[in-house]
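Data first, discussion second: the structure below is written as structure tokens.
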Amino acid sequence: MKRATLKLVSIASASLLMAACGSDDTAAEEDTTVFEEMDYTITGIEPGSGITESARNTLDIYDNLEGWELQESSTGGMMVELQQAYENEEPIIITGWQPHYIFEIYDLKILEDPKEGFGAAENIHTMTRTGLAEDMPDATAILDNFAWETEDMQQIVLAAQDVSFEEAAQNWYDENQDLVSEWTNGVPKSDGQEIDLISMPWDTERASAHVMSLTLENHGFDVNVTSVDPSVLFQALAVGEADATVTPWLPTTHGAFMEEYGDDLVDLGPNLPGAVSGLVVPAYMDIDSIEDIPAK
Ligand code: PBE
């Protein structure tokens with residue numbers, strides 16, 4: 001009798017335990033399913049981009065990202081995957097950055113990054129080759145004066161979804177003559193001096209290169225713009241093949257290139273404060289921090 005009671009008690013507690021485990025399991029399974037569905041893969045962009053470098057570093061420094069992979073592709077490819085996932089409310093984690101128009105068309109969140117794998121907030125810098133200030137002091141003065149805000153860049157990037165970048169930049173330029181004149185005020189006009197700007201193949205950089213090009217052209221310079229991968233950009237500036245750029249993101253995104261080439265070029269400092277890059281998810285996903293992503 002006593003034994004039977006004990007047995008009953010133990011069965012009861014066992015089933016209670018099982019019930020507890022069961023409900024835990026279900027919750028855990030659901031969470032895991034979401035990440036299994038993504039194949040523990042982060043949707044990345046071009047292998048040569050700075051953000052890809054930061055994402056690789058992020059995978060290394062967070063223990064919970066053990067087993068996760070970064071799928072490198074292209075910005076266009078990432079955008080297509082984001083669009084498809086978003087339309088079907090499926091889970092996706094991308095490498096993303098702001099300014100970017102995806103934040104205008106989708107409800108997204110940048111995951112908190114307590115270990116700063118993507119750096120704290122970044123600035124976009126203006127840089128020249130060594131000696132530009134001596135060779136072209138007036139152009140250098142304009143480059144050095146160049147300063148604008150995230151909203152300005154974002155406005156062009158967004159408008160360029162409907163019209164060409166030339167048109168979007170020209171419209172912004174025409175509407176913001178007060179700001180532009182702050183960059184050129186007191187600087188003598190050129191009589192056709194040539195200057196080679198170098199840029200990167202992303203919308204944000206197309207926007208800034210177009211605006212700087214328009215500014216210099218309207219001040220009498222003969223501007224040529226080339227768009228290349230970040231590593232080529234830094235090399236070109238370091239060996240003096242290009243004159244200037246308004247595109248590097250620092251201290252993290254292009255930090256590795258800066259370490260390699262920083263001594264052989266001139267950093268004129270930030271032209272846009274508060275750029276952000278990181279892991280980005282649709283708002284319908286139930287995670288807020290990189291630390292919320294479960295290990296594989
Ligand atoms: N980006 C946009 C670039 C720089 C600007 C963040 C994609 C990169 O990662 O190199």
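Numbering of ligands and ligand atoms starts at 1, following listing order. As a basis for the values below, the full set of heavy atoms in this structure was taken, side chains included, without hydrogen atoms, waters or symmetry mates. Given the structure is predicted, the values throughout are model-derived calculations rather than measurements.
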**Report entry** Mutual orientation of the aromatic rings belonging to W183 and F146 [parallel < 30°, tilted 30-60°, perpendicular > 60°]
**Finding:** perpendicular
Query raised in the report: Taking distance alone, with no angle check, do M200 and ligand 1 share an N/O pair under 3.5 Å?
Result: no
Query - Parallel, tilted or perpendicular: rings of F35 and W68 (30°, 60°) - result: perpendicular
**Report entry** atom 8 (C) of ligand 1: the protein heavy-atom neighbour that sits closest, reported with distance to 0.1 Å
**Finding:** G50 N, 3.3 Å
Query raised in the report: Under a 4.0 Å heavy-atom limit, does T253 contact ligand 1 with its side chain, its backbone, both, or neither?
Result: side chain
Query raised in the report: In the protein, which heavy atom is nearest to atom 9 (O) of ligand 1, and how far is it?
Result: I51 N, 2.8 Å
Query - D174 atom CG, neighbour heavy-atom count above 12 within 6.0 Å - result: yes
Report summary line: ligand 1 to E205, heavy atom cutoff 4.0 Å, flagged ligand atoms 2 (C), 5 (C)
Query raised in the report: Below 6.0 angstrom between ring centroids: does that apply to W148 and W172?
Result: yes
Query - cation_pi(K115, Y62) dist<6.0 Å, angle<=45 - result: yes
Query raised in the report: Hey, are R56 and E72 close enough for a salt bridge, meaning a charged N less than 4.0 Å from a carboxylate O?
Result: yes
Query raised in the report: Is H254 near ligand 1, meaning one of its heavy atoms is under 4.0 Å from it?
Result: yes
Requested in this report: For ligand 1, note which part of I45 has a heavy atom under 4.0 Å away: side chain, backbone, both or neither.
Outcome: side chain
Report summary line: One finds that the ligand 1 atoms under 4.0 Å from a non-hydrogen atom of W97 are 2 (C), 6 (C), 7 (C)
